[in-house]
2 protein chains.
Amino acid sequence: MVNRLDDVVTGALEVLDAYGLEFCSMRRVAGHLGVQPSALYHHVPDKQTLLALMADRIVAGVSTPDAGPVEKRAYALCHDLRAAMLGIRDGADVVATASAFRLGASRLEAELVDVLGDRDGSRTLLLFVFGHTQATQMHRMAASVGAVEPDDDLDGSFDRGLEIILRGLC
Amino acid sequence: MVNRLDDVVTGALEVLDAYGLEFCSMRRVAGHLGVQPSALYHHVPDKQTLLALMADRIVAGVSTPDAGPVEKRAYALCHDLRAAMLGIRDGADVVATASAFRLGASRLEAELVDVLGDRDGSRTLLLFVFGHTQATQMHRMAASVGAVEPDDDLDGSFDRGLEIILRGLC
DNA sequence: ACCTGAACACCGTTCAAGT
DNA sequence: ACCTGAACACCGTTCAAGT
């Protein structure tokens with residue numbers, strides 16, 4: 001079986017969605033691809049790099065609308081980003097961790113700075129989106145296992161947090 | 001050698017500060033305490049619980065001043081919390097992860113709700129403090145190894161982010 | 001270019017047994 | 001109450017070698 005780097009990332013995302021980050025090991029990804037664990041190191045120098053590539057793919061379709069009032073554009077980006085991360089198991093964890101590593105240098109942050117014209121404001125907004133989405137995803141997981149009573153207004157809480165920051169920003 | 005739960009948490013925090021979260025394994029903590037790995041399970045049901053106890057200890061001294069204008073009290077709490085997490089290697093990671101698990105149910109969030117009278121505002125503020133401090137600590141680690149040019153205004157960036165949220169809140 | 005097979009130095013956790 | 005010793009089922013990564 002022949003794999004390219006793209007196939008490896010795709011396979012890793014399939015394992016992530018099926019088993020969660022905790023069990024998304026190099027050995028499991030290799031098994032899923034029908035290959036020995038060591039074969040992955042032909043495509044990727046280490047696990048951290050693979051996780052960064054997975055994060056890039058998760059947010060690949062997210063971007064800022066290029067028309068409308070500043071506030072609406074920022075709002076739309078944040079909502080898209082949240083949806084993309086919620087679209088795959090543990091997606092928020094994967095993206096947040098990878099992004100923390102290059103804070104100040106991520107595409108999303110650069111786009112937001114472009115829209116808002118405010119470095120610290122963009123960072124504040126992004127950190128909130130990551131943090132809140134991680135908490136949402138964690139809470140949903142815990143609730144689906146019955147470990148906690150479900151919170152039915154996580155989306156509302158996200159919106160209101162977003163509005164607090166945008167209010168302070170504009 | 002006889003250990004209590006408190007000694008185990010203390011030992012774990014020493015290992016954390018000396019080697020970082022990545023190498024803060026149950027086996028290493030046990031070794032540090034001069035005990036077999038299995039001995040830890042007499043004190044703690046699993047690693048996750050130990051990490052939660054470590055997080056509690058890291059923020060144990062943090063609390064809201066009970067006088068002054070609302071904004072100053074919230075500001076002081078956030079700064080104290082940040083300082084406590086920065087006071088130990090990977091402290092922000094440990095506290096943020098443990099807190100994400102009980103969002104809505106942590107002592108710090110309850111105190112903040114008391115001061116601000118706003119659930120979503122408190123959550124927004126806390127998520128920012130965790131996210132920004134994690135990024136700060138990560139960046140400092142990377143800079144100290146020469147992997148990245150040091151950013152000399154992380155503290156200023158934190159303050160400005162805090163002000164954006166407090167402005168939107170009051 | 002892409003992969004195998006074997007090895008190295010680790011993990012978290014369980015469990016019977018000891019004191 | 002606190003711990004040992006041994007085991008189980010895993011990790012990430014390296015490296016010589018194969019096609």
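By convention in this document, chain letters (A, B, ...) are assigned in the order of the sequence lines, proteins followed by strands, and residues within each chain are numbered from 1. Remember, predicted model here, so these are calculated numbers, not experimental data. Only this structure's heavy atoms are used, side chains among them; waters, hydrogens and symmetry mates stay out.
- Rounded to whole Å, the C1' atom of C:dA16 lies 13 Å from the corresponding atom of D:dC3.
- The closest side-chain donor-acceptor pair between A:D7 and A:T10, if any, does not fall under 3.5 angstrom.
- Summarising the geometry of B:I164 relative to A:G121, their closest heavy-atom pair is CD1-CA, 3.6 Å, with the distance given to 0.1 Å.
- Nearest to the side-chain atoms of A:H42 among the listed nucleotides C:dC2, C:dT13, D:dC11 stands C:dC2.
- Note: OH (B:Y41) to C1' (D:dA1) measures 19 Å, nearest angstrom.
- The nearest pair of heavy atoms linking A:T133 to A:V129 is OG1-O, 2.6 Å.
- A salt bridge links B:D56 to B:R102: at least one charged side-chain nitrogen sits closer than 4.0 Å to a carboxylate oxygen.
- B:D114 and B:R73 are not joined by a salt bridge, as no carboxylate oxygen comes within less than 4.0 angstrom of a charged side-chain nitrogen.
- Here the closest non-hydrogen pair linking B:V29 and B:G11 is CG1-C, 4.5 Å.
- In this structure, B:Y19 atom OH and C:dC10 atom P are separated by 12 Å, rounded to whole Å.
- Of all non-hydrogen atoms in B:D46 and B:Y41, the two that sit nearest each other are CA-CE2, 4.1 Å.
- Rounded to an integer number of Å, the gap from CZ of A:F23 to C1' of D:dC11 is 12 Å.
- For the pair A:N3 and C:dC2, the criterion of a side-chain N or O lying under 4.0 Å from OP1 or OP2 is not met.
- Closest approach of B:A39 to B:H43, counting heavy atoms only: O-CD2, 3.6 Å.
- Residues A:L116 and A:A74 approach most closely at CD2-CB, 4.0 Å, considering heavy atoms.
- Between A:H79 and A:F158, the ring planes are perpendicular. Angles over 60° get that label, and only those under 30° would be called parallel.
- As rounded to whole Å, 10 Å separates atom P of D:dC2 from atom CG of B:L5.
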- Taking Watson-Crick and G-U wobble pairs with both distances under 3.5 Å, convert DNA chain D into its dot-bracket string, 5' to 3', dots for unpaired and | for cross-strand pairs. ||.|||||...|||||.||

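- Between B:D155 and B:R82, at least one side-chain nitrogen of the basic residue sits less than 4.0 Å from a carboxylate oxygen of the acidic one, meeting the salt-bridge criterion.
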- Query: In B/S/- notation, 5' to 3', how is nucleotides 4-9 of chain D contacted by protein heavy atoms closer than 4.0 Å?
  - Reply: BB-B--

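- At whole-Å resolution of the value, CZ in B:R28 and P in C:dC10 are 8 Å apart.
- Separating the P atom of C:dA17 from that of D:dC2 is a span of 22 Å, rounded to the nearest Å.
- Within residues 44-54 of chain A, the residues approaching DNA chain D are A:D46, A:K47, by heavy-atom distance under 4.0 Å.
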